[in-house]
Asker: 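Okay, here's the structure, questions in a sec.
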Amino acid sequence: MSVFEQVWVWLTSPDNWAANGIPLRLLEHLRYTATAIPIAALIAVPLGAYIGHTRRGGTLVVGLLNSVRALPELGMLVLLVPAMGLLLAFEALTIVLVLIAVPPLLAGTYAGVRNVEPSIVDAARGMGMSEREVLFGVELPNALPLMLGALRAATLQVIATASIAAFVSLGGLGRFVIDGNALRQFDQMAGGAVLIAALAITAELVLAGVQWLVVSPGLRPTRTRKRKATT
Amino acid sequence: MTWILDHLDVLFTTSLDHLWLALIPVVAGLLISLPLGWMASRWRLAKSILVPTAGMLYTIPSLALFVLMPLILGTRILDPLNVIAALTIYTVALLVRSVADALAAVPPAVTAAATAMGYRPLGRFFAVELPLAVPVLLAGVRVATVSNISLVSVGALIGVGGLGKFFTEGYQRGNPAEIIAAIVAILVLALLMEIILVVAGRALTPWARTGGAR
Amino acid sequence: MIEFQAVTKRYDDGTVVVDSLDLTIEDGGITVFVGPSGCGKTTSLRMINRMIDATSGTILLDGADIRAQSPAKLRRGIGYVIQHAGLFPHRSVLDNVATVPVLLGTRKSTARKQAAELLERVGLPAELGKRYPSQLSGGQQQRVGVARALAANPPVLLMDEPFSAVDPVVRDGLQEELLRLQSDLGKTIVFVTHDIDEAIKLGDKVAVLRVGGRLAQYATPAELLARPADDFVASFVGRDRGYRALGFLSAQGVPVGPVATVALGASAEQARASLDNGWAVVVDEAKRPLGWVSEGSLSTVDQVRPEDLVSGGSLFEVDSGTLRTALDSALSSPAALGIAIDAQGAVVGGVVADTVVKALADARRCGEVPT
């Protein structure tokens, strides 16, 4: 049996799809992600909107983003989980995931608000919009494409990091990779990897769809329209 | 602290290993993405295939890609080549877009002038378009380098991870000093490479400096 | 009425952009602020709706200090049009126009209905309302910008270089449109431009500002052309000042002489007989001018056909024409004779350049033109 066949057999085996198998790990993975992303958004979006609107502290955001990108996720995980104790392992993981998701969301919101064309904001103020109305009625709707792009990036990073949580005795789809490696079962390892990749790609496609639905048609790039017209 | 002082030499040699694992993919990725990005900037069809494919590859989490590499390359699971190949894929996925965008951003008047002076497409690419694309390209290279340096450590989960081995080891032995030392080493490597790339960027684009001088 | 009383704007770094400006803007007219870049014209405009606050001095709007109410409330009562229109890309054209009425509490459906009417008013088909700004041309966007500023029916309209980003042909159309709208609406319009021709074309009064934010001259366009206050204004007003000034003098006194006419389709022989000084105007059944025929153009044909005509110059309308249109008609005519027409466009006679210049001299003697 070739490796591919072995992986296929593992992926399609009914035993692995029992309730305590793949579905459980998938739900754990989704739970980690679904906990961290809203918390990160609650921190990053208001802060990014404030910094973008007042145009103060922008360099701070960029600097923060760069330094966090260099932080090794695995290192933070193996440092924080033992420090907080195994009972709080989920909380420790959530902290790491939030830490990873905040910078892209913050930068995306900041850049989105900041990059709204000055003449549009000028017109909004000139027509008598209050600062609140400028932010909520004009700046944030126009920042939405960049904000949702940032949400996609943050979600992918969180899914990726959640997949190494299994190393610190947590669940998630990474469990199969870690266990497979420990037991020298390549079919399980590769099967887990396929599942992780599939989850990430599905999340990306779903969020891209949401982005298409939510963003005002007036903000869709004209390029795509032209391309459709010619091909 | 004592652990760090006792293991300075190991930390140093492992840092060098780590750097190689991160930098070989950057160089290989750059060499691959230049022609691909050039094609994407020139032909709409190439772009409509390359850019979404790159986006899809970039989506795959590192742990999954490391594990899937043996399936594609036929390597053994513990082969460092898996990590190097996977990081090369990320670098290409990131840089194809950078190269395409950077080349597309070269003012059409400049390329038209070069053509009018008698450059053939290939000569024009190396003499005019590529140098002008350097700033955008370099920004992409910086992101790729820094994230590669961080991602190499994930390889420790499958036995190849440079400084990442101190994470797994430190976790199993309950030795936070070892973990912190490796985190710091990784941050230092990232910072060092950032500085080198910024300096290299300035050296490569002397014309960009005159604008900033007052 | 808008009054600037000793208004100064000084930035933190010490630059003075507006220096002790005293100016009264009358109701119901177009007042243009014009000057080179750095003269503080835009700053002066933006101080009216408090987009910029003055460092010292007072601005009164209908006698009340503009600082008496909150900036947002003040701005809702003042229309505002800017260079790139500043339309909201995420809102449809209709919702863009409805912005201020909705801010003021009008129901959305009502505001949209009014917005659709406004679009037609500024010369746009109502179907455009469903589109988004990115789907409009620059000229269309600018019209939407004007409609949006008019939506809440404000008495005052501020226009900051609204037409400078569109190409000259479109700009010309937009200027005509604004003049037409203004003759209907009679708003108090303050208009900023760096283009002196635009200022002279649109302005009832023109304020010329010099670098450093000082008022150089505040006068009607005719006065500006005829009597610039100093060398700066004279050089800013530019070339052909004397010629352009003719545009403000009525051509009522210019004598209209006879002109030879010939009907389209007449025989070459007939046409030759009617030539005067070697030329004749070809007219249609309604006596509207179509072009010229001459000795030369008739020599090879036996009938006056449309394709053989020598194209004519500009036309001069007797009742509403100015000395400028009269003189131009004479100078641009191939026969050196300007064609005078009535309001229906029918040929009533011809004018020669000499008589226009003489009419100007007469007007000067009578003191109608300041020398």
Side-chain angles (χ1 to χ4, degrees), chain A residues 45 49 52-56 108-109 111-150 210-230, chain C residues 42 45-46 48-52 69-105 130-136 141-142 144-146 148-152 154 157-162 165:
Chain A
V45 172
H53 180 74
T54 57
R55 316 207 150 192
R56 255 174 272 161
T109 310
V113 170
R114 176 71 220 257
N115 290 351
V116 176
E117 220 181 285
S119 70
I120 294 166
V121 180
D122 186 71
R125 284 209 181 95
M127 282 189 292
M129 287 191 174
S130 64
E131 290 306 302
R132 253 182 85 90
E133 286 160 343
V134 170
L135 180 63
F136 286 97
V138 178
E139 286 176 329
L140 283 177
N142 280 289
L144 210 53
L146 271 184
M147 289 167 68
L148 290 174
V210 169
Q211 185 165 7
W212 179 256
L213 288 177
V214 171
V215 169
S216 158
L219 296 174
R220 285 178 195 151
T222 40
R223 221 171 348 121
T224 44
R225 248 199 325 271
K226 273 185 205 144
R227 198 183 297 153
K228 262 185 204 146
T230 50
Chain C
T42 292
L45 179 93
R46 286 163 66 89
I48 298 173
N49 66 351
R50 293 189 62 189
M51 292 297 279
I52 297 174
Q69 49 184 330
S70 77
K73 200 154 171 256
L74 171 80
R75 291 170 191 158
R76 288 174 198 187
I78 299 176
Y80 185 53
V81 187
I82 58 177
Q83 189 172 8
H84 293 281
L87 299 182
F88 301 147
H90 63 298
R91 290 193 188 165
S92 69
V93 165
L94 219 49
D95 286 341
N96 260 287
V97 176
T99 304
V100 180
V102 169
L103 280 178
L104 290 170
K130 287 191 234 69
R131 296 213 196 150
Y132 286 91
S134 60
Q135 299 163 332
L136 304 184
Q141 289 188 18
Q142 209 46 263
V144 175
V146 174
R148 185 170 70 171
L150 291 172
L157 213 55
L158 305 181
M159 306 183 84
D160 186 5
E161 306 220 19

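A, B, ... follow the sequence lines: proteins, then strands. Residue 1 opens every chain.
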Asker: Any Lys/Arg nitrogen of C/Arg76 or A/Glu133 sitting under 4.0 Å from an Asp/Glu carboxylate oxygen of the other?
Answerer: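 Between A/Glu133 and C/Arg76 there is a salt bridge, with a charged N closer than 4.0 Å to a carboxylate O.
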
Asker: Kindly give the heavy-atom pair with the smallest separation between A/Ala123 and C/Gly86, and that separation in Å.
Answerer: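 Scanning both residues, the minimum pair turns out to be CB-O, 3.5 Å.
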
Asker: With a 4.5 angstrom heavy-atom cut-off, is it the side chain or the backbone of C/Arg46 that approaches chain A, or both, or neither?
Answerer: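 It is the side chain, since no backbone atom gets that close.
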
Asker: Determine, for A/Glu131 against A/Arg125, whether the closest basic-nitrogen to carboxylate-oxygen distance falls under 4.0 angstrom.
Answerer: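 So A/Glu131 pairs with A/Arg125 through a salt bridge.
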
Asker: Does the pair C/Gln142 and C/Val81 meet the rule for a side chain to side chain contact (heavy atoms under 4.5 Å, CB included), with working shown?
Answerer: CA-CA 8 Å; C/Gln142 209 46 263; C/Val81 187; 3.5 Å; yes

Asker: Just give me the residue among A/Gly126, A/Gly137, A/Ser216, A/Pro141 that pairs up with chain C most often, heavy atom to heavy atom, under 4.5 Å.
Answerer: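 Heavy-atom pairs under 4.5 Å are most numerous for A/Gly126.
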
Asker: Select, from C/Ala149, C/Pro89, C/Ala72, the one with the greatest count of heavy-atom pairs under 4.5 Å involving chain A.
Answerer: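 Highest number of pairs under 4.5 Å: C/Pro89.
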
Asker: Check each atom of C/Leu87 against the heavy atoms of chain A and say whether the ones under 4.5 Å are side chain, backbone, both or neither.
Answerer: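 Backbone only.
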
Asker: With a 4.5 angstrom heavy-atom cut-off, which part of C/Leu104 approaches chain A: side chain, backbone, both or neither?
Answerer: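 Contact with chain A involves no heavy atom of C/Leu104 at all.
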
Asker: Answer yes or no: is there a donor N or O on one side and an acceptor on the other, between the side chain of C/Arg75 and the main chain of C/Tyr80, under 3.5 Å?
Answerer: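 Not confirmed, C/Arg75 side chain does not pair with C/Tyr80 backbone.
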
Asker: How many angstroms lie between atom CD of A/Gln211 and atom CE of A/Met147, to the nearest 0.5 angstrom?
Answerer: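 Between atom CD of A/Gln211 and atom CE of A/Met147 there are 11.0 Å.
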
Asker: Look at C/Thr99, C/Ile78, C/Leu103 and state which one has the largest set of heavy-atom pairs under 4.5 Å with chain A.
Answerer: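 Heavy-atom pairs under 4.5 Å are most numerous for C/Leu103.
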
Asker: With a 4.5 angstrom heavy-atom cut-off, which part of C/Pro133 approaches chain A: side chain, backbone, both or neither?
Answerer: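 Contact with chain A involves no heavy atom of C/Pro133 at all.
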
